[in-house]
Visitor: 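Below are the C-alpha cells for one structure; questions will follow.
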Number of protein chains: 2
Amino acid sequence: MEPEQLKGHLDGLILAVLAPAPLHGYAVIEALKLRSGGELALPEGTVYPALHRLERDGLLESDWTADSGRRRRVYGLTARGRSELGLRRERWRSFAATIDAVLA
Amino acid sequence: MEPEQLKGHLDGLILAVLAPAPLHGYAVIEALKLRSGGELALPEGTVYPALHRLERDGLLESDWTADSGRRRRVYGLTARGRSELGLRRERWRSFAATIDAVLA
DNA sequence: GGCTATACCTAGCCATACTAGGTGTCAAGG
DNA sequence: CCTTGACACCTAGTATGGCTAGGTATAGCC
C-alpha cells in the first residue's frame, strides 16, 4: 500500500470502524487491519494524530478509562461524526466511480 | 472533489488517458475532464508538474511541435510507462477493494 | 484594440501519512 | 527477578504532491 494513496481517505475509514461501537485507539488500528483483511496495517503515528484531528473537529469524542492500571482512551462518534460518515461514504463512491471511468 | 483524495492516484489517470494515443499537456487536461464526465477539472498547476515528474521517471517521453507558431509539448507513453499503467490499474483495484471493505 | 480560449511554465503553500523517537503497564519465559 | 514482547499512549519533524497564484505568449473574434 503506497502511503500517498490513502491521503484524504483515512478519516472516513476511522469513522466507519467506530460506527458499530466505540473503541480505544489501539483497537481502532486492529479493527482497520481486521476489516481490511490485513491490507491496512497502519502505524500508530498515522492513526493517533488522525483521532485527535477528528475529535478536534467534533466528529469524535473520547473518554479515558483505567481498567487495572492500564489507561485507554475510548473514542465514539458524535452526531456530527455519524452524519459526516454518510457524506464520506457518498464522496468515496463518487470518487471511486470517477477513477474507474478514467482508468478503465 | 476534495484535493487530498486524489493524491497518489493522478499519475495512473494521466498514463491512462495517454494510452490510446499521445496528447499534449493541455489536451491531457481536457481528456481527463471528458473521460470523467466533468468530475476531474484539474488546474494546469496540477497536471503540468505531474507530466514533468512522469517524464523524469521515464514513464513518458515528450516532443515539441510547432503548428503555425503555436508550441505544444506532446507526451506519449514509454514502454516502462505502459507496464507501469498495468501496475497502477492493479494497485487501484486492490486499493478500492480495501476501502470498500472497511467503509461498507 | 481588447477579450477569450488555447498553451505552456514555476515558486511557494498546505494538508496529511509516516518515521522515529519517547513513556508506561502487564504477562510469560528463562 | 528480570528480560522480552504485546499492549497502549504520545509527538516533533519529514516528505509528498495537489493546488494557488502568478507569469508568458499565440490565435481568432468582435
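Note on naming: letters A, B, ... go to the chains in the order of the sequence lines (proteins, then strands), and numbering restarts at 1 for each one.
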Visitor: Counting side-chain heavy atoms from C-beta on, which of dT6(C), dC9(D), dC7(D) comes nearest to E30(B)?
Guide: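 Selected nucleotide (nearest to the side chain): dT6(C).
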Visitor: Output the residues of residues 32-54 of chain B in contact with DNA chain D, where contact means a heavy atom of the residue under 4.0 Å from an atom of the strand; sort by number or write none.
Guide: L42(B), P43(B), G45(B), T46(B), R53(B)
Visitor: Identify, residue by residue, the members of residues 4-16 of chain A with a heavy atom below 4.0 Å from DNA chain D, and return them in order of residue number, or none.
Guide: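 Per residue number, the list reads E4(A), K7(A).
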Visitor: Tell me, which of residues 96-104 of chain A have any heavy atom that sits under 4.0 Å from an atom in DNA chain D?
Guide: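 Under 4.0 Å from DNA chain D: no residue of residues 96-104 of chain A.
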Visitor: Is there a side chain to side chain donor-acceptor pair (under 3.5 Å) between E61(A) and T78(A) once you walk through the steps?
Guide: CA-CA 6 Å; E61(A) 58 194 354; T78(A) 62; over 6 Å; no
Visitor: Between protein and nucleic acid, restricted to nucleotides 4-6 of chain D and to nitrogen or oxygen atoms under 3.5 Å apart, what atom pairs and distances do you find?
Guide:
none

Visitor: Please list all pairs passing the salt bridge (charged side-chain N to carboxylate O under 4.0 Å, His left out) test where one or both residues lie in residues 94-104 of chain A, with sequence neighbours left out.
Guide: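 Not a single pair qualifies under salt bridge (charged side-chain N to carboxylate O under 4.0 Å, His left out).
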Visitor: Can you classify the ring geometry of H52(B) versus Y75(B) as parallel (below 30°), tilted (30 to 60°) or perpendicular (above 60°)?
Guide: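 If you compare the ring of H52(B) with that of Y75(B), the planes turn out tilted.
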Visitor: Would you mind listing every side chain to side chain donor-acceptor pair (under 3.5 Å) that reaches into residues 18-42 of chain B, with sequence neighbours excluded?
Guide: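 Qualifying pairs: none.
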Visitor: Once you round it to whole Å, what is the distance between P of dT26(D) and CZ of R71(B)?
Guide: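 My rounded result for the distance is 9 Å.
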Visitor: Of I29(A), I14(A), L18(A), V74(A), which is the lone residue that meets side-chain contact (heavy atoms from CB on, under 4.5 Å) with L23(A)?
Guide: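 Running side-chain contact (heavy atoms from CB on, under 4.5 Å) over I29(A), I14(A), L18(A), V74(A) with L23(A) returns exactly one hit, L18(A).
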Visitor: Would you kindly give the CH2-to-P distance between W64(A) and dG24(C), to the nearest whole Å?
Guide: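 Taking CH2 of W64(A) and P of dG24(C), I get 14 Å after rounding.
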